[in-house]
Number of protein chains: 2
Amino acid sequence: MDNTTSTALPARSAEACHANVNAVRDALYVLNGKWKLPLIVSLLNGPRRFKEIQRALVDITPKVLSKELRELEINGLIERQVFNTVPVTVTYQLSPYSDSLHPVIESLMLWGQKHRERIVQERRSEPVAMEID
Amino acid sequence: MDNTTSTALPARSAEACHANVNAVRDALYVLNGKWKLPLIVSLLNGPRRFKEIQRALVDITPKVLSKELRELEINGLIERQVFNTVPVTVTYQLSPYSDSLHPVIESLMLWGQKHRERIVQERRSEPVAMEID
DNA sequence: CAGTATCCCGCTGGATACTG
DNA sequence: CAGTATCCAGCGGGATACTG
């Protein structure tokens with residue numbers, strides 16, 4: 001019946017915990033779905049055109065891409081620019097405000113890499129149940 | 001260009017960009033959905049019981065909570081512990097591995113807070129169309 | 001308390017085709 | 001090229017009720 005083995009972390013009050021939960025939910029409200037963050041990542045190098053983004057995010061359909069871009073624009077994270085070429089050229093780029101997301105993006109990319117490595121390791125060291133004759 | 005800036009984000013090559021996109025997608029694969037991250041946040045203070053988590057994450061139904069907990073456990077992010085009390089007591093706590101998520105969680109919480117503040121500011125300075133009698 | 005069992009709705013997002 | 005228009009499948013996830 002040993003308990004209270006709380007991990008080392010800024011222990012906080014129940015209200016603070018709830019505030020944190022809400023903060024994360026607020027963030028997720030804007031960054032929700034399958035595509036928002038990958039889309040932002042694909043723009044880290046600079047402005048990209050619609051078709052370029054579509055190619056970067058393999059398999060995203062134009063409808064969905066269009067919707068995601070619109071939502072991100074509404075939330076002030078990306079900017080749309082139209083050029084009067086023929087045919088028309090449109091570029092999307094990250095807004096200055098999106099810089100505030102860098103810590104999120106960076107930590108997420110890093111964790112994604114590490115996690116993938118971890119999975120690979122597991123697969124390697126695991127005596128997976130396999131067919132034997 | 002200076003590559004000594006610690007927070008420099010942009011991937012230089014197209015392949016690096018694609019790798020980054022994939023890393024984020026890998027991360028999101030594990031942290032997907034509406035509840036995973038808030039759930040983890042709710043455990044930052046230490047072990048919690050099923051019902052406690054349910055209360056912390058207002059409005060999550062037992063079915064969904066159960067599913068989310070199982071998935072997080074499978075991915076090694078939380079640990080389940082059963083105590084032979086009557087009635088049975090079950091606690092969930094973050095695993096050591098989940099520590100690797102701290103940068104993600106922290107940056108996300110921070111950004112969520114800032115973003116909410118920003119929204120409030122916008123609302124204030126915006127001459128919103130409103131009903132008048 | 002700690003869940004499971006059903007039922008089911010809505011929304012995300014995919015497929016395909018079409019337009020300026 | 002840069003999208004929009006339709007149609008539709010899947011499933012995330014909510015409501016409610018029930019079990020050990």
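Because the structure is predicted, anything quoted here is derived from the model rather than measured. For the numbers below, each heavy atom of this structure counts, side chains included, while hydrogens, waters and symmetry mates do not. Here is the naming used below: chain letters follow the sequence lines, and residue numbers restart at 1 for every chain.
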Would you say a side-chain N or O of B/Lys34 is under 4.0 Å from OP1 or OP2 of D/dG14?
yes

So what does B/Tyr92 hit on the nucleic acid, given a heavy-atom distance under 4.0 Å: a base, only sugar-phosphate, or nothing?
sugar-phosphate

Check the distance between C/dT12's P and A/Leu39's CG and give it to me in whole angstrom.
16 Å

Within this structure, what is the CD-to-P distance between B/Glu71 and C/dG3, rounded to whole angstrom?
15 Å

To the nearest angstrom, the CD-C1' distance between A/Glu73 and D/dA2 comes to 14 Å

How many whole angstroms separate atom CG of A/Leu65 from atom C1' of C/dT16?
17 Å

Look at the side-chain heavy atoms of Ile, Leu, Val, Met, Phe, Trp and Tyr, link any pair under 4.5 Å apart, and say whether B/Leu69 and B/Val64 land in one connected group.
yes

Under a 4.0 Å heavy-atom cut-off, which of residues 53-64 of chain A touch DNA chain D?
A/Pro62, A/Lys63

For B/Arg70 and C/dG3, give me the distance from atom CZ to atom C1', rounded to whole Å.
9 Å

Are A/Tyr97 and A/Leu72 linked, directly or through other ILVMFWY residues, by side chains that come within less than 4.5 angstrom of each other?
yes

Once rounded to the nearest 0.5 Å, what's the spacing between atom CZ of B/Arg55 and atom CZ of B/Arg49?
9.0 Å

Rounded to the nearest Å, what distance is computed from the CG atom of residue B/Leu31 to the C1' atom of nucleotide D/dG12?
16 Å

Counting only heavy atoms from other residues, nucleotides and ligands, does the tally under 6.0 Å from CZ of A/Arg118 exceed 12?
yes

Whole-Å distance, A/Asn32 CG to C/dT12 P, equals 7 Å

Only one of A/Leu39, A/Leu44, A/Leu43 passes side chain to side chain contact (heavy atoms under 4.5 Å, CB included) with A/Val41; say which it is.
A/Leu44

So, is A/Arg49 close to the D/dA2 phosphate, meaning a side-chain N or O under 4.0 Å from OP1 or OP2?
yes

Between B/Leu37 and A/Tyr29, is there shared hydrophobic-cluster membership here, with clusters defined by ILVMFWY side-chain heavy atoms closer than 4.5 Å?
yes

Testing the basics here: between A/Val30 and B/His115, what is the closest heavy-atom pair and its distance to 0.1 Å?
CG2-NE2, 3.3 Å

Please convert DNA chain D into dot-bracket. A pair counts if it is Watson-Crick or G-U wobble with both distances under 3.5 Å; crossing pairs go in [ ] and bases paired with another strand get |.
||||||||||||||||||||

For B/Gly76, is there any backbone N or O sitting under 3.5 Å from a side-chain donor or acceptor partner on B/Ser95?
yes

Nucleotide of C/dG14, D/dC1, C/dT4 approaching B/Ser66 most closely (side-chain heavy atoms):
C/dT4

Taking atom P of D/dA2 as reference, at what distance in whole Å does atom CZ of A/Arg80 sit?
10 Å

Would the distance check show the side chain of B/Thr89 and the main-chain N or O of B/Phe83 forming a donor-acceptor pair, the cut-off being under 3.5 Å?
no

Under 4.0 angstrom, heavy atoms only, what part of the nucleic acid is A/Glu68 near: base, sugar-phosphate, or nothing?
sugar-phosphate

